[in-house]
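A quick write-up on the structure given underneath.
So you know, we letter chains A, B, ... as the sequences are listed, proteins then strands, and number each from 1.
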Protein chains: 2
Amino acid sequence: MEIDQIIDNIYPLSTKSKNLIKKSIIEVKFPKGHIIFKANKIETSIYFIKKGIARAYAYSDDNQITFWFGKEGDPIVSMQSYVNNQKGYEDVELLEDCELYELKTEKLHKLFLKDIEIANWGRKFSELELIKSEERLISLQFNTATERYLALLKNYPSIIQRVQLSHIASYLGITQVSLSRIRANIK
Amino acid sequence: MEIDQIIDNIYPLSTKSKNLIKKSIIEVKFPKGHIIFKANKIETSIYFIKKGIARAYAYSDDNQITFWFGKEGDPIVSMQSYVNNQKGYEDVELLEDCELYELKTEKLHKLFLKDIEIANWGRKFSELELIKSEERLISLQFNTATERYLALLKNYPSIIQRVQLSHIASYLGITQVSLSRIRANIK
DNA sequence: GAAACTATTTAACAAATGATAAAAAAATAA
DNA sequence: TTATTTTTTTATCATTTGTTAAATAGTTTC
């Protein structure tokens with residue numbers, strides 16, 4: 001997905017303000033398997049996915065638990081770094097060869113203080129992420145594992161096709177074995 | 001908690017900008033049990049809790065499931081209404097006699113477009129809510145019910161003392177009976 | 001293509017949680 | 001206070017999920 005569309009989908013900007021953001025963005029490419037965010041590190045950039053998919057995970061004991069998937073158009077953000085300039089708790093791994101738009105957090109924060117349109121763009125950005133986070137929270141709290149799997153299947157069919165089941169299982173809050181059982185029961 | 005401190009805790013503002021917000025705020029009081037947000041309704045205000053506690057819940061079949069608690073200093077917001085001007089899915093019930101600060105969403109949105117400091121205050125507001133939402137998501141996905149109960153006990157002891165256990169159980173994603181068992185095992 | 005490696009499914013048993021009902025404890029009202 | 005209602009705990013059994021191990025299927029490498 002092109003950067004103009006990604007920016008506009010969040011909050012439409014005047015050409016002038018959009019160009020201020022675009023001037024701070026560079027395109028980067030990484031291969032499948034690249035770890036773009038490391039846990040316990042302050043991340044200095046945010047990204048938008050032009051092409052490819054990614055996942056965020058953290059460790060619980062020795063197990064990786066995936067808690068986020070991103071696809072074309074989605075932002076890759078370590079919220080602790082972005083909001084509080086603190087270390088994050090997550091790794092982010094690219095699950096395919098990826099093309100990304102990179103934006104330095106510091107540059108964006110300077111724009112927030114200078115340009116009211118961009119400040120509102122940043123507000124909308126967090127508001128939309130918040131809506132997504134709440135939806136996921138409700139899904140985890142209200143629905144059974146089977147319901148969550150079916151919802152993922154319906155809403156993000158591309159993820160299921162492109163991501164291995166062990167990651168999906170931990171994303172759903174269950175073990176890989178349990179997901180296999182659920183899949184067997186559905187058929 | 002006083003409104004000046006609530007506003008400043010989100011993002012410090014100049015006197016001028018803070019007064020713009022404060023001019024739009026009125027104080028209101030409601031008794032225990034009052035339903036301040038109704039599901040399937042577009043809410044036109046947000047609130048900040050001066051005194052008291054509240055919970056948000058939605059229905060799953062016939063069961064009320066509590067998914068948020070608020071105490072002094074916390075905002076009461078129906079995100080779907082606030083962000084997208086759409087109907088929310090939650091009721092919000094006041095669990096004690098409450099004193100609240102009320103702010104009309106429409107007035108705030110006008111200020112966002114006029115005052116860059118307030119736009120950044122609004123940005124920070126959503127960012128902080130997003131951090132809270134992510135923390136809760138991780139807690140639900142990574143921790144067992146027992147761990148979540150112990151964390152709530154540690155981080156929000158006031159909630160446990162002031163809220164009945166059936167609400168806490170659904171907040172933790174388990175039944176009331178299961179929470180009783182967990183409490184019995186801990187002692 | 002065969003061998004080696006990785007991912008997924010299946011099986012068996014253990015542990016945790018749900019559902020229902022009844023008992024006990026606590027809070028509220030007369 | 002006593003009676004009534006609400007909240008919490010306990011008990012029993014069913015269901016779901018976790019754990020471990022083995023079998024099968026699918027991929028990658030040589």
Kindly give the heavy-atom pair with the smallest separation between B:L128 and B:N9, and that separation in Å.
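In terms of heavy atoms, the two residues are closest at CD1-O, 4.3 Å.
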Shortest non-hydrogen contact from B:L111 toward B:S24:
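Minimum heavy-atom contact is CD1-OG, 4.2 Å.
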Can you name the residues that form a ring-ring contact (aromatic ring centres under 6.0 Å, His included) with A:Y101, not counting sequence neighbours?
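A:Y101 satisfies ring-ring contact (aromatic ring centres under 6.0 Å, His included) with no other residue.
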Check ring-ring contact (aromatic ring centres under 6.0 Å, His included) between A:F112 and all other residues, then give those that pass, not counting sequence neighbours.
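With sequence neighbours excluded, A:F112 shows a ring-ring contact (aromatic ring centres under 6.0 Å, His included) to A:H109, given in chain and number order.
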Which ones in residues 157-175 of chain B lie close to DNA chain D, meaning a heavy atom under 4.0 Å from one of its atoms?
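Those residues are B:Q164, B:L165, B:S166.
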Whole Å only: how far is the CG atom of B:L179 from the P atom of C:dA16?
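B:L179 atom CG is separated from C:dA16 atom P by 16 Å.
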Non-hydrogen side-chain atoms of [X] and [Y] separated by less than 4.5 Å:
X: A:L95; Y: A:V163; value: yes
X: A:T105; Y: A:Y82; value: yes
X: A:K124; Y: B:V83; value: yes

Taking only residues two or more places apart in sequence, or in another chain, which ones meet A:E72 in a side-chain contact (heavy atoms from CB on, under 4.5 Å)?
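With neighbours one apart ignored, the set is A:K51, A:R162.
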Using the side-chain contact (heavy atoms from CB on, under 4.5 Å) criterion, which residues pair with B:K132? Sequence neighbours excluded.
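Scan of B:K132 (side-chain contact (heavy atoms from CB on, under 4.5 Å), adjacent residues dropped) gives B:D74, B:P75, B:E129.
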Do the charged groups of A:R55 and A:E93 touch, with an N to O distance under 4.0 Å?
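Salt bridge: yes.
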So, are A:K29 and A:E27 salt-bridged, with charged N and O less than 4.0 Å apart?
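Salt bridge absent between A:K29 and A:E27.
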Give the residues of residues 137-151 of chain A touching DNA chain C, defined as any heavy atom closer than 4.0 Å, sorted by residue number.
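Residues of residues 137-151 of chain A that come under 4.0 Å of DNA chain C do not exist, since none gets that close.
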Checking B:D97 now: which residues fulfil side chain to side chain donor-acceptor pair (under 3.5 Å) with it, not counting sequence neighbours?
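With neighbours one apart ignored, the set is empty.
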Identify which nucleotide among C:dT9, D:dT8, C:dA12 has an atom closest to any side-chain atom of B:Q176, counting heavy atoms from C-beta outward.
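The listed nucleotide nearest to B:Q176's side chain is D:dT8.
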Within the structure, does a side-chain N or O atom of B:R183 lie under 4.0 Å from either OP1 or OP2 of D:dT9?
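Yes, within the criterion.
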Between the protein and nucleotides 20-26 of chain D, are there any N/O to N/O pairs under 3.5 Å, and if so, what are the atom names and distances?
none

Would you be so kind as to tabulate the donor-acceptor pairs closer than 3.5 Å made by side chains of residues 140-152 of chain B, with sequence neighbours excluded?
unit_1: B:Q141; atom_1: OE1; unit_2: A:R136; atom_2: NH2; d: 2.8
unit_1: B:Q141; atom_1: NE2; unit_2: A:T66; atom_2: O; d: 2.8
unit_1: B:Q141; atom_1: NE2; unit_2: A:S170; atom_2: O; d: 2.6
unit_1: B:Q141; atom_1: NE2; unit_2: A:Y171; atom_2: O; d: 3.2
unit_1: B:T144; atom_1: OG1; unit_2: B:E147; atom_2: N; d: 3.2
unit_1: B:T144; atom_1: OG1; unit_2: B:E147; atom_2: OE1; d: 3.4
unit_1: B:E147; atom_1: OE1; unit_2: B:T144; atom_2: N; d: 2.8
unit_1: B:R148; atom_1: NE; unit_2: B:L172; atom_2: O; d: 3.0
unit_1: B:R148; atom_1: NH1; unit_2: B:N143; atom_2: O; d: 2.7
unit_1: B:R148; atom_1: NH2; unit_2: B:L172; atom_2: O; d: 2.4
unit_1: B:Y149; atom_1: OH; unit_2: B:R183; atom_2: NH1; d: 2.8

At a cut-off of 3.5 Å, list every protein nitrogen or oxygen paired with a nitrogen or oxygen from nucleotides 24-30 of chain C, distance to 0.1 Å.
none

What contact category does B:S180 fall into here, base, sugar-phosphate, or nothing, at under 4.0 angstrom with non-hydrogen atoms?
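Base, at least one base heavy atom under 4.0 Å.
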Starting from the first five and the last five pairs of the helix from C:dG1-D:dC30 to C:dA30-D:dT1, work out the angle between the resulting helix axes, to 10 degrees.
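One end axis against the other gives 40°.
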Each residue besides A:I116 in its hydrophobic cluster should be listed here, by chain and number; the cluster joins Ile, Leu, Val, Met, Phe, Trp and Tyr at side-chain heavy-atom distances under 4.5 Å.
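In the cluster with A:I116 are B:I116.
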